[in-house]
Amino acid sequence: MIVLVLNTGSSSVKYQVINPEIKQALAKGIVERIGMSGAILTHKPTGRDEVRLSGEILDHKMAIEYVLSILLSKNHGVIKNKKEIDAVGHRVVHGGEAFSDSVLIDEKVMSEIRRCIDYAPLHNPPNLKGINAAQQLLPNVPQVGVFDTAFHQTMPKYAYLYGLPYVLYKRHGIRRYGFHGTSHRFVSDRAVVLDGRPKDKLKIITCHLGNGSSAAAIKYGESIDTSMGFTPLEGLLMGTRSGDMDPAIILQIMHKEDLTPNEATTMLNKHSGIQGVSGISSDMREIEEEYESSDRAKLAHDIFTYRLKKYIGSYAAAMGGVDIIVFTGGIGENSSLVRKNALAGLEFIGMELDQEKNNIRSKEERSIQSKNSKVKCFVIPTNEELVIAMDTMRIVQTQPKKNKSGFHI
Ligand code: ADP
């Protein structure tokens, strides 16, 4: 089976062509600067050289047309005919309370995704554009939606409700939804496999640390809490996002700095976090290069790891213990300093790192706890595209088959 995985942003389309049966990507790439001058397509067929093409790409439909043409091209292609694409899997950021699993996209699903625009005004509209374009360009090919929020729909009400008037939940859906669900699900499932004990016996804390970061408490296979909330702004310190703070600060800053709601949103999402604290960069590699020489870089790093440690401690408390801690995402997979500092002092919950193993650089799944550690610690590269492709295959294969006249058989 061949699945085209699409992750559509406001001015970009990321794609992968995956055969989920053998868990292999045939090609991946990205179209950037859609609707701007100098749009670029970067395409990498597996095992071959990367190609970069520029052109005028006015909208998402044109971008996906461009992707299809390179997938079919003689020199850089990986398929011979559009008909080889059996299904399209779409990453959809917000599924609200409507979706606790991936779904085959139909008109009803589209209108639910539209309803969730209120919760994710920057993400769901481009996701919808991607779905519309793919439906037009690949008619009769099943399209599946895989939601960032779905995995966290198992959270109990006391974990997802805020201390606000209950009517705001009822009227406006104000609650914790959580994000990065596809990644938390993937790495916790891999952790279960690596560990060997049954899923329904394991308490796992997953730390997805990238430009956006979140932690999740996964008890017996279900997400029972996660650090991102109503939006991906809450929780850990992130590249440019503030994470947790006293909500009164926002009102105070808006008043003192004379900011509009839009300006305040931009400040919290784009100019805060590691970038805001360090004044150097949002990129953890650059922060670590300056860790010894710059107080502000060290401060940003320390806030990042201190807050992560607090989340790990609170999730261990929420689950009545922890068996495995997982690190993933660009920072989680690569930064031994983040792992070391975040786990320092957690011996009292049974977590003890093997510093040598922690320092090994590798792209492989690995365990890095010491021999005597009661809690295991795994570094697991995430693969959200593979989850989307696998879900797409599962959903498509469980649909009742239709005959040529369109009737179910
Ligand atoms: P996104 O959330 O955009 O998918 P990634 O998961 O790719 O982001 O993570 C990007 C982050 O990972 C950046 O802050 C980058 O500096 C960090 N990172 C990548 N490699 C390393 C490394 N070797 N050491 C420390 N941080 C790293």
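Indexing begins at 1, ligand by ligand and atom by atom, following the structure's order.
- Of the candidates Met284, Lys14, Glu288, the one placing a heavy atom closest to atom 26 (N) of ligand 1 is Met284.
- Taking the ring axis of Tyr177 as reference, the NZ or CZ atom of Arg175 stays within 45° of it and closer than 6.0 Å to the ring centre.
- Residue contacts with ligand 1: Glu286 is excluded, as none of its non-hydrogen atoms falls under 4.0 Å.
- Proximity of a side-chain donor or acceptor of Glu290 to a complementary backbone N or O of Ala297 within less than 3.5 Å is not detected.
- Panel note: side chain His43, backbone Ile30; no donor-acceptor pair is recorded below 3.5 Å.
- Side-chain contact check for Leu343 versus Ile325: some heavy-atom pair is nearer than 4.5 Å.
- Across Asn211, Ile287, Leu209, Leu337, heavy-atom proximity to atom 2 (O) of ligand 1 is greatest for Asn211.
- Of all atoms in ligand 1, numbered sequentially from 1 with element shown, those under 4.0 Å from a heavy atom of Gly212 are 2 (O).
- At least one N or O atom of Asp283, backbone or side chain, sits closer than 3.5 Å to an N or O atom of ligand 1.
- Counting protein heavy atoms under 4.0 angstrom from atom 4 (O) of ligand 1 gives zero.
- A centroid separation of 6.0 Å or more is found between the aromatic rings of Phe378 and Phe327.
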Open item on the list: Show, in sequence, the C-alpha distance, side-chain angles and deciding distance for Tyr160 and His152, and conclude whether the ring pair (Phe, Tyr, Trp, His ring centres under 6.0 Å) test is met.
Closed with: CA-CA 9 Å; Tyr160 72 67; His152 300 301; over 10 Å; no
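- With hydrogens left out, the protein atom closest to atom 18 (N) of ligand 1 is Gly330 O, 3.6 Å, a heavy atom.
- For Gly239, the closest heavy-atom approach to ligand 1 does not fall below 4.0 Å.
- Of all protein heavy atoms, the one lying nearest to atom 24 (N) of ligand 1 is Arg285 CG, 3.7 Å.
- Judged by distance alone, the side chains of Glu288 and Ser335 do bring a donor and an acceptor atom under 3.5 Å apart.
- Atoms of ligand 1 lying under 4.0 Å from at least one heavy atom of Ser335, given by number and element, are 25 (C).
- Here the protein heavy atom with the shortest distance to atom 17 (C) of ligand 1 is Ile331 CG1, 3.6 Å.
- Residues Ile174 and Leu164 are in side-chain contact: their nearest non-hydrogen atoms beyond the backbone lie under 4.5 Å apart.
- Partner of Thr328 under the side chain to side chain donor-acceptor pair (under 3.5 Å) criterion, chosen from His180, Glu333, His184, His208: Glu333.
- Among the candidates Lys201, Lys376, Arg190, the single residue satisfying the side chain to side chain donor-acceptor pair (under 3.5 Å) test with Asp195 is Lys376.
- Among the atoms of Gly210, none of the N or O lies under 3.5 angstrom from an N or O of ligand 1.
- Taking atom 20 (N) of ligand 1 as the reference point, the nearest protein heavy-atom neighbour is Asn334 ND2, 3.4 Å.
- For a threshold of 3.5 Å applied to N or O pairs, the pair formed by Gly329 and ligand 1 contains no separation below that value.
- For ligand 1, the atoms closer than 4.0 angstrom to any heavy atom of Arg361 are 23 (N).
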